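Inspection log for the structure reproduced underneath, given as structure tokens.
Note that the structure is a prediction, hence the values are computed from the model and not measured.
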There are 2 protein chains.
Amino acid sequence: MTRITENPAFIQPTVSGPTATLVTSLSQAIHEHRLVPGTKLGEDELSEIYNVSRTVVRQALQALSHEQLVELKRNRGAFVAKPTIREAREVFEARALLEPRTARSAAERMTEAALTRLEAHIAAEHEALDAGESGKALRLSGQFHIEISHIANQSIIAGFIERLVARSSLIIALYWKRHSALCEEHAHHALVEAFRRGDGQDAEELMKSHLVDIVSALDLREAPSTDVSLKDILSG
Amino acid sequence: MTRITENPAFIQPTVSGPTATLVTSLSQAIHEHRLVPGTKLGEDELSEIYNVSRTVVRQALQALSHEQLVELKRNRGAFVAKPTIREAREVFEARALLEPRTARSAAERMTEAALTRLEAHIAAEHEALDAGESGKALRLSGQFHIEISHIANQSIIAGFIERLVARSSLIIALYWKRHSALCEEHAHHALVEAFRRGDGQDAEELMKSHLVDIVSALDLREAPSTDVSLKDILSG
DNA sequence: GTGCACAGGATTGTATGCAATCTGGTTTTG
DNA sequence: CAAAACCAGATTGCATACAATCCTGTGCAC
């Protein structure tokens with residue numbers, strides 16, 4: 001059993017105590033696609049399921065709202081967020097801006113311990129796939145990306161990448177059109193090999209193409225414009 | 001009186017109702033340096049000052065904690081955040097990465113209405129300076145940067161810039177070593193002229209040098225390393 | 001049969017109360 | 001005199017209660 005000790009919630013917590021536990025649990029369910037976009041998250045219901053008071057639930061929902069994983073609608077409740085196609089595009093544009101340079105930085109400051117951690121991520125991901133746990137494999141894929149950003153040791157940019165990768169879980173739940181697992185099989189391996197050689201340029205290029213590959217599996221075609229009137233549509 | 005209608009809290013709100021009002025008020029006080037880093041923000045005290053219950057105060061403090069403007073210490077209370085020198089450096093590195101390209105995008109999609117808004121920002125900033133309201137001028141300087149990111153119309157990156165500029169208020173409060181106002185007098189003017197010409201490359205270069213200028217006014221020398229033992233220090 | 005109005009129950013927003021924790025001052029001990 | 005222990009008041013974490021708002025189902029009018 002490969003042990004992964006990194007944060008299953010992806011984003012470093014700003015809350016503590018039972019609230020943090022609940023945030024981690026809900027985040028993990030979102031990243032593993034057990035909680036799907038649009039799901040209503042009722043306070044009383046969560047309070048019962050997790051055996052905490054509504055106070056803790058509200059704090060956790062507020063935290064998840066700040067992470068843009070949950071949308072709070074005043075007087076209506078909390079819902080797992082549904083990023084629009086526009087938002088999906090922008091998230092991956094931002095990832096394409098930040099992650100390749102972060103991969104380069106990671107390659108340039110790679111250590112044996114960090115390589116070991118990355119390899120453990122890949123091993124755990126494969127184990128999850130072999131065990132038919134696709135949700136877990138998906139979450140571990142995301143964590144692999146975040147681990148790279150931590151190795152690069154630029155905490156501000158890493159924080160942004162955490163947010164982007166976390167939101168990517170929702171985007172993938174909504175718009176993924178491939179039947180296979182998220183990240184192409186050899187992409188993470190190739191990245192780790194580049195890191196092992198300390199080859200920043202290779203790492204940067206591999207991350208770029210890896211992200212392009214992910215985007216190519218998302219169906220981000222715009223829905224028909226709502227500016228078109230019903231009359232125009234019906235008159236062919 | 002030049003009216004500025006943009007968000008004095010810098011960061012788009014994720015809370016609503018009285019909580020949002022309180023967040024805006026506290027943020028503004030932070031950006032105008034009326035609330036200085038390290039200040040204790042007691043729940044009962046804020047509750048009395050703002051005439052809201054502790055529930056609303058706690059929600060607002062949590063929101064400010066998510067924005068990294070406030071640090072919540074469990075069982076000890078909330079404090080206006082004090083970014084370390086390391087953090088200060090990283091914030092401006094991230095700004096140097098994001099803002100010049102955002103300025104370029106803004107130049108390429110500039111409209112008359114947007115130019116008018118930017119000019120109004122500059123006018124309001126000068127008015128505040130002339131009236132001796134340096135805190136307000138400071139906040140308006142920050143808002144100018146955020147307005148540019150909104151014109152660029154990339155909402156994810158704009159969101160990151162909001163967070164970075166917001167945090168810059170704390171950094172400036174702690175580390176500013178110049179006696180003059182924050183942004184050099186002609187820098188914002190020059191940017192607006194580049195925007196007027198639609199000159200993306202010029203805008204990008206001007207933003208780069210503008211940020212370099214800001215960093216040059218910050219005292220970010222590292223304190224002596226704490227790895228040095230007391231014995232080493234005392235033995236000369 | 002369809003559309004509108006209303007009522008009741010469910011849920012959310014917020015206030016308040018109580019227990020847990022911390023801090024600072026005082027007392028005791030060596 | 002200095003350090004440790006103790007205690008009381010202040011503050012924070014969290015639960016619970018109540019008011020406000022929303023949603024859905026039912027009844028009535030056309």
Whole Å only: how far is the OH atom of A:Y50 from the P atom of D:dC14?
17 Å

Phosphate OP1/OP2 of D:dT12 contacted by B:K40 side-chain N/O (<4.0 Å)
yes

By nearest-heavy-atom nucleotide on DNA chain D, the more 5' of A:V52 and B:G42 is B:G42

Let me know the distance between CG of A:D44 and C1' of D:dC18, rounded to the nearest Å.
14 Å

Side-chain donor/acceptor of A:R54 to base of C:dG13, under 3.5 Å
yes

Should the ring pair B:H145 and B:H188 be called parallel, tilted or perpendicular, given that the plane angle runs from 0 to 90° and is split at 30 and 60?
perpendicular

Checking B:E67, B:E87, B:E162 against B:R167 for salt bridge (charged side-chain N to carboxylate O under 4.0 Å, His left out), the one that qualifies is B:E87

Distance-only polar pair, side chains of A:Q62 and A:H66, donor-acceptor under 3.5 Å
yes

If you check every side-chain atom of A:Q59, which of D:dT12, C:dT14, D:dC14 has the closest atom?
D:dC14

Provide, to the nearest angstrom, the distance between the CG atom belonging to A:L72 and the P atom belonging to C:dT14.
12 Å

Separation of C:dT12 atom P from A:K73 atom NZ, nearest Å, is 13 Å

Rounded to whole angstroms, how far apart are CG on B:L46 and C1' on D:dT12?
13 Å

Using a cut-off of 6.0 Å, state whether more than 12 heavy atoms not belonging to B:R89 lie near its atom CZ.
yes

Closest to the A:P18 side chain: C:dG13, D:dC14, D:dT12?
D:dC14

B:F79 atom CZ is separated from C:dT23 atom C1', nearest whole Å, by 11 Å

When you match A:R76 and B:R76 each to their closest nucleotide on DNA chain C, which lands nearer the 5' end?
A:R76

May I ask you to decide whether A:K40 forms a salt bridge with A:E45, counting only side-chain N to carboxylate O separations under 4.0 Å?
no

Euclidean distance, atom CD of residue A:E43 to atom C1' of C:dT14 [Å, nearest integer]:
11 Å

With a 4.0 Å cut-off on heavy atoms, is B:R58 in touch with a base, just the backbone sugar-phosphate, or nothing at all?
base

Integer-rounded Å distance: C:dG13 C1' and B:L22 CG:
15 Å

By nearest atom, which of the nucleotides C:dT14, D:dC14, D:dT12 is closest to the A:R74 side chain?
C:dT14

Between C:dT21, C:dT12, C:dT14, spot the one nearest the side chain of B:N75, thanks.
C:dT21

